[in-house]
Amino acid sequence: TASKRTAKFIVMEITTKYKINEEVFILISGEVKKDKIRDILIHVDKHGNSIEYVFWDYTSKISENKVFSSKEELIKSL
């Protein structure tokens, strides 16, 4: 007889602060830059989760807490 296997799935909802193609402000080499989000990377493990963004003009992955809606918001965070 074949044994039956059952799988448990955990449903998790992750909400990002920004969307793909949204224009945001980031700090690159000490300069404030405006760019559009190309990709959103989500990493989940037993320690929690992290969200990073990839941009059209800059190849660096940048953590969500270092991405801002406005130039003023970015400058205020420094």
Side-chain angles (χ1 to χ4, degrees):
T1 25
S3 63
K4 291 183 180 181
R5 288 187 167 195
T6 58
K8 285 187 176 182
F9 295 96
I10 298 171
V11 176
M12 175 187 242
E13 183 175 322
I14 297 175
T15 304
T16 61
K17 196 172 177 182
Y18 305 103
K19 299 178 288 214
I20 290 179
N21 285 323
E22 188 168 349
E23 281 191 337
V24 293
F25 292 83
I26 51 179
L27 198 62
I28 302 290
S29 301
E31 288 187 52
V32 176
K33 301 288 184 181
K34 182 165 102 172
D35 201 355
K36 283 187 177 181
I37 295 169
R38 187 185 74 199
D39 298 307
I40 300 172
L41 307 174
I42 298 172
H43 177 82
V44 178
D45 64 20
K46 66 182 178 183
H47 303 292
N49 64 64
S50 65
I51 299 170
E52 294 179 311
Y53 296 96
V54 179
F55 300 90
W56 287 102
D57 293 334
Y58 303 98
T59 57
S60 300
K61 296 181 282 185
I62 298 179
S63 179
E64 185 171 66
N65 64 346
K66 295 183 179 183
V67 177
F68 300 91
S69 300
S70 69
K71 183 177 183 177
E72 294 77 19
E73 187 185 346
L74 187 156
I75 291 168
K76 192 189 299 186
S77 76
L78 299 176

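Heads up: numbering here begins at 1 and tracks the sequence.
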Sequence neighbours left out, what pairs pass salt bridge (charged side-chain N to carboxylate O under 4.0 Å, His left out) with at least one residue falling in residues 32-44?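 Found Glu23-Lys34, Glu31-Lys33.
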Salt bridge (charged side-chain N to carboxylate O under 4.0 Å, His left out) partners of residues 42-69, not counting sequence neighbours, each pair once: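 Listed by first then second residue: nothing to list.
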Give, for atom [atom1] of [X] and atom [atom2] of [Y], the distance between the pair rounded to the nearest 0.5 Å.
X     : Y     : atom1 : atom2 : value
Ile62 : Ile37 : CD1   : CD1   : 10.0 Å
Ile14 : Ser50 : CD1   : OG    : 9.0 Å
Ile51 : Thr16 : CD1   : OG1   : 6.0 Å
Asn49 : Ile42 : CG    : CD1   : 8.0 Å

How would you list, by chain and number, every residue that makes a ring pair (Phe, Tyr, Trp, His ring centres under 6.0 Å) with Phe25, sequence neighbours excluded?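 Partners of Phe25 by the ring pair (Phe, Tyr, Trp, His ring centres under 6.0 Å) criterion come out as none, since no residue qualifies.
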Table please: side-chain donor-acceptor pairs of residues 70-78 below 3.5 Å, with sequence neighbours left out.
from, atom 1, to, atom 2, distance (Å)
Ser70, OG, Glu73, N, 3.0
Glu73, OE1, Ser69, N, 3.3
Ser77, OG, Leu74, O, 2.6

So do the side chains of Val67 and Lys17 get within less than 4.5 Å of each other, counting heavy atoms only?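 The answer is no; the side chains never approach within 4.5 Å.
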Any pair with a residue in residues 46-66 that passes ring-ring contact (aromatic ring centres under 6.0 Å, His included), sequence neighbours left out, goes on the list, sorted by first then second residue, please.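 Every pair satisfying ring-ring contact (aromatic ring centres under 6.0 Å, His included) with a residue in residues 46-66: Tyr18-Tyr53.
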Hydrophobic cluster of Val54, others only, ordered by chain and residue number, side-chain cut-off 4.5 Å: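 Traced through the cluster, Val54 reaches Leu41.
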